[in-house]
Chemist: 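Below is the structure I would like to discuss, written out as structure tokens.
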2 protein chains.
Amino acid sequence: MSLRGKVTTLRDVAIRAGVSTMTVSKVLRGAGTISEETRRRVKQAAEELGYLPNNLAGSLSSRKSRMVAVIIPSISDIVFSEVLSGINSTLRPQGLQTFIGESLFDPATETELIRAMLSFRPAGILLNGGIARSADAAKLLARRNCPAIQLWDCDRRALDFSAGPSHEEAGRLVANHFLERGMRRIAYVGAELDKDLCARRRYLALKSSLAAAGIDLITVTCEERPRQAVTGRYLTEQLLRDHPGIEAVHFLNDAMALGGLSHLHEAGFPVPERISVVGFNGTSLANAVRTRLTTIDVPRAEIGEKAAQALLRMIGGEGVPDAWQARLKLVQGNTTIALGRPQGA
Amino acid sequence: MSLRGKVTTLRDVAIRAGVSTMTVSKVLRGAGTISEETRRRVKQAAEELGYLPNNLAGSLSSRKSRMVAVIIPSISDIVFSEVLSGINSTLRPQGLQTFIGESLFDPATETELIRAMLSFRPAGILLNGGIARSADAAKLLARRNCPAIQLWDCDRRALDFSAGPSHEEAGRLVANHFLERGMRRIAYVGAELDKDLCARRRYLALKSSLAAAGIDLITVTCEERPRQAVTGRYLTEQLLRDHPGIEAVHFLNDAMALGGLSHLHEAGFPVPERISVVGFNGTSLANAVRTRLTTIDVPRAEIGEKAAQALLRMIGGEGVPDAWQARLKLVQGNTTIALGRPQGA
DNA sequence: TAAAGGGATGTTATCGATAACAGCGAAGCT
DNA sequence: AGCTTCGCTGTTATCGATAACATCCCTTTA
């Protein structure tokens, strides 16, 4: 266990500085009125002993915490890193530390994470939207004693606040993009739609928008494979085999779109002349390859910032702001035909 | 603050079940000997009240914790997700929950994270190697009361245990790969080498191995840009401008290599006929595009598993195992010329 | 000069759990 | 019967901090 003897406590520091534990506590928190001389002595004693406060005791006693829990589906999903960076850049200056948990889209794992995080009585909890929440998780959240915020999804308002795009709008944007260009034979390629409910809503919105135009969306998905480039490539191969006459494809995300593009190139399908391709996210990936992917840009950092700002407001007792809807922008690349007039929302 | 009234405590459950708090505590932890009937009553009471244990109090009292702290440089770095999944798959079955912190390669941020994590008295702490550790961080770690493990780097043994590849070996593998193919005009493309000391060691090993063969490595790096595809593309452009006669390039990671490849294609440099390219990591990215990148495969999940196993052993008081060195494998793709004889270590 | 005010520090109770041990009745043993 | 043993449950002290209030002493002020 490598327990290096006894850990130093407030008491140890107090003895060394020749004051009471209360005085030490006040000095280290910058609370109360303590003379400059005592301050110095205490700080020096703490420094010499290498004192590290015990948050378990501190938070238990004060019923306050500087920890913010963030639970995301997947840390490898590039999407999330920028949301997190928006969160951190807003919370860190306020002295709040974010602790991250990864659920891998598994409701049971998410529930355990929520339980573990909440049992530390955090100052707030941020959860990704679009994951099927277990009944246990809902119960845990209902009895929480901290603000809860939903990320990446403004549509469902189960929690105190939510910041994210409307995934329905995203689906409609893609549908319009294709329809404006006269596409009729349209396909969707995705994965894990049973787990990622946000992606599923985008898909359904695309499907129903097309249906309204009399078009039957061709769907190629796979629940077992990851939402990554390899899968996009694999499913595109499958799509071309079954529906060689396809004119346009929307992918669940940019990574899958890139995988798909690589197969389209190899298979000799010119993009966008023969097939149009649209991704989702506007990640830097989209600009890293030969083709600039047409995609939907989501203001990821801003989502994190808005969520964090709302949290700060709630912690400060300033009430619960309304949900924030992120602006989406369809970014024209060279994987769909550029029209003369401006694109986007 | 949305404090939903008083949070239920052990006492509340005890009163409702008509027993003492101690009995409730024992039932919920599965400790002690409690009759089946009491067990049932307590569990039902806890369930009805939606009781959520307060870990602050529990861990404070028992001086035990089920939390494991993991601090990584960047969650967007695909590399880490598989290491983490190896960690989780080993720790979760044991009832340990991992909490992640992201340092973004910033020593000050890392120090604050270490402080925040340790102040919760975790069961263990896992840190990524290859980041310049501040003196404060070192001091914090020296006085920790839990096992500490270094990930992603087996070379430096500052902590109790370390699991990772030898980055020197990686550099040498690449050097040999180029030398075996008769390359003389060799370049390295990387970013943020001032922050990522592991990458820097790979680079230095490559450089010195080549120097031993009388070759002067051409280096193109940039400290301000991210270690991603866009940067690989940008720096490759710069490299070709300054050194059009180059024969081989090693990139810091696969993402940068893919960005570089896209520019090489556009600029009309056939790969591998005119220029050979080698990446690092063996991520799934490497197989998602037209070209199968020659790269060095690192057993990421296994690194996580070994680290977690070592942690479990140390928590169990079974002593400190020796550092574990991950096997590296140079995977021949089609971005370098295949030789007749087998490749690799 | 006595009362009031305020700066600096200490005392006590408490946060919500667990460790350690103490009780207490029923069963087993001689 | 009397004693031990064991199963079950409760009591007390404690973990390491903080909140709230109490002191103490030195200035002001009338």
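Naming convention: chains lettered A, B, ... in sequence-line order (proteins, then strands); numbering from 1 in each chain.
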Chemist: According to ring-ring contact (aromatic ring centres under 6.0 Å, His included), does anything in residues 115-139 of chain A pair up with another residue at least two apart or in another chain? List the pairs.
Modeler: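 Those involving residues 115-139 of chain A are A/Phe120-B/Phe99, A/Phe120-B/Phe120.
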Chemist: Which part of the nucleic acid does B/Ser35 contact within heavy-atom distance under 4.0 Å: base, sugar-phosphate only, or nothing?
Modeler: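 The answer is sugar-phosphate, as B/Ser35 gets under 4.0 Å only of primed atoms, P, OP1 or OP2.
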Chemist: CZ of A/Phe120 versus C1' of C/dG16: gap in Å, rounded?
Modeler: 14 Å
Chemist: In whole angstrom, what separates A/Ile15's CD1 from C/dG10's C1'?
Modeler: 15 Å
Chemist: Starting from P on D/dC15, measure out to CG on B/Asn55 and report it in whole angstrom.
Modeler: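 Whole-Å distance recorded here is 19 Å.
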Chemist: From CZ of A/Arg11 over to P of D/dC15, roughly how many Å is that when rounded to an integer?
Modeler: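 One finds 9 Å between P of D/dC15 and CZ of A/Arg11, rounded.
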Chemist: Is there a side-chain contact between A/Tyr51 and the phosphate of D/dA17, meaning an N or O under 4.0 Å from OP1 or OP2?
Modeler: yes
Chemist: What is the distance, to the nearest angstrom, from the CG atom on A/Leu10 to the P atom on D/dA17?
Modeler: 4 Å
Chemist: Of all the choices, D/dC15, C/dT9, D/dA17, which nucleotide is nearest to the side chain of B/Leu60 once you look at every atom?
Modeler: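 Closest nucleotide to the B/Leu60 side chain: D/dC15.
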Chemist: Could you go through A/Glu47 and A/Lys43, starting from their C-alpha distance and side-chain angles, then the distance that decides it, and tell me whether this counts as salt bridge (Lys or Arg N to Asp or Glu O under 4.0 Å)?
Modeler: CA-CA 6 Å; A/Glu47 170 72 19; A/Lys43 278 184 178 160; over 6 Å; no
Chemist: Between A/Asp12 (CG) and D/dC15 (C1'), how many Å, whole number?
Modeler: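 Rounding to the nearest Å, CG of A/Asp12 and C1' of D/dC15 are 14 Å apart.
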Chemist: Is the phosphate of C/dG10, meaning OP1 or OP2, less than 4.0 Å from a side-chain N or O of A/Thr23?
Modeler: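 Indeed, a polar side-chain atom of A/Thr23 lies that close.
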Chemist: Taking 4.0 Å as the cut-off, does a side-chain nitrogen or oxygen of A/Arg63 come that near to OP1 or OP2 on C/dG16?
Modeler: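 Result: yes.
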Chemist: What do the steps show when you test A/Ile72 against A/Asp77 for side chain to side chain contact (heavy atoms under 4.5 Å, CB included), and what is the final call?
Modeler: CA-CA 9 Å; A/Ile72 58 180; A/Asp77 211 330; over 6 Å; no
Chemist: Return the value, rounded to whole Å, for the distance between atom CG of B/Leu56 and atom P of C/dC15.
Modeler: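 Value for this atom pair: 14 Å.
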Chemist: Scan residues 83-93 of chain B for pairs that pass side-chain hydrogen bond (donor to acceptor under 3.5 Å, both in side chains), counting only residues two or more places apart or in two chains.
Modeler: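 For residues 83-93 of chain B: B/Asn88-B/Thr98.
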Chemist: I want to verify a distance call: between D/dG16, C/dA8, C/dG10, whose nearest atom is closest to the A/Ser20 side chain?
Modeler: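 Of the candidates, C/dG10 comes closest.
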Chemist: Test: salt bridge (charged side-chain N to carboxylate O under 4.0 Å, His left out). Region: residues 113-128 of chain B. Which pairs qualify, not counting sequence neighbours?
Modeler: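 Counting only pairs at least two positions apart or across chains, the salt bridge (charged side-chain N to carboxylate O under 4.0 Å, His left out) contacts touching residues 113-128 of chain B are B/Glu112-B/Arg115.
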Chemist: Counting the atoms with a prime plus P, OP1 and OP2 as sugar-phosphate, which does A/Thr38 contact under 4.0 Å by heavy atoms, base, sugar-phosphate, or nothing?
Modeler: sugar-phosphate
Chemist: Can you name the side-chain hydrogen bond (donor to acceptor under 3.5 Å, both in side chains) partners of B/Ser134, sequence neighbours left out?
Modeler: B/Thr111
Chemist: When the nearest nucleotide of DNA chain D is assigned to A/Pro53 and to B/Glu36 on a heavy-atom basis, which residue is associated with the more 5' position?
Modeler: B/Glu36
Chemist: So which protein nitrogen or oxygen atoms get under 3.5 Å of nucleotides 19-25 of chain D's nitrogens or oxygens?
Modeler:
from   : atom 1 : to      : atom 2 : distance (Å)
D/dA19 : OP2    : A/Arg29 : NH1    : 2.7

Chemist: Please give, in whole Å, the distance from D/dC8 C1' to B/Arg41 CZ?
Modeler: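 Those two atoms, CZ and C1', are 12 Å apart.
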Chemist: Which comes earlier along DNA chain D counting from the 5' end, the contact point of B/Ala57 or that of B/Thr21, where each point is its nearest nucleotide?
Modeler: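 This one resolves to B/Thr21.
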Chemist: According to ring pair (Phe, Tyr, Trp, His ring centres under 6.0 Å), who are the partners of A/Phe105, at least two apart in sequence or on a separate chain?
Modeler: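 Partners of A/Phe105 by the ring pair (Phe, Tyr, Trp, His ring centres under 6.0 Å) criterion come out as none, since no residue qualifies.
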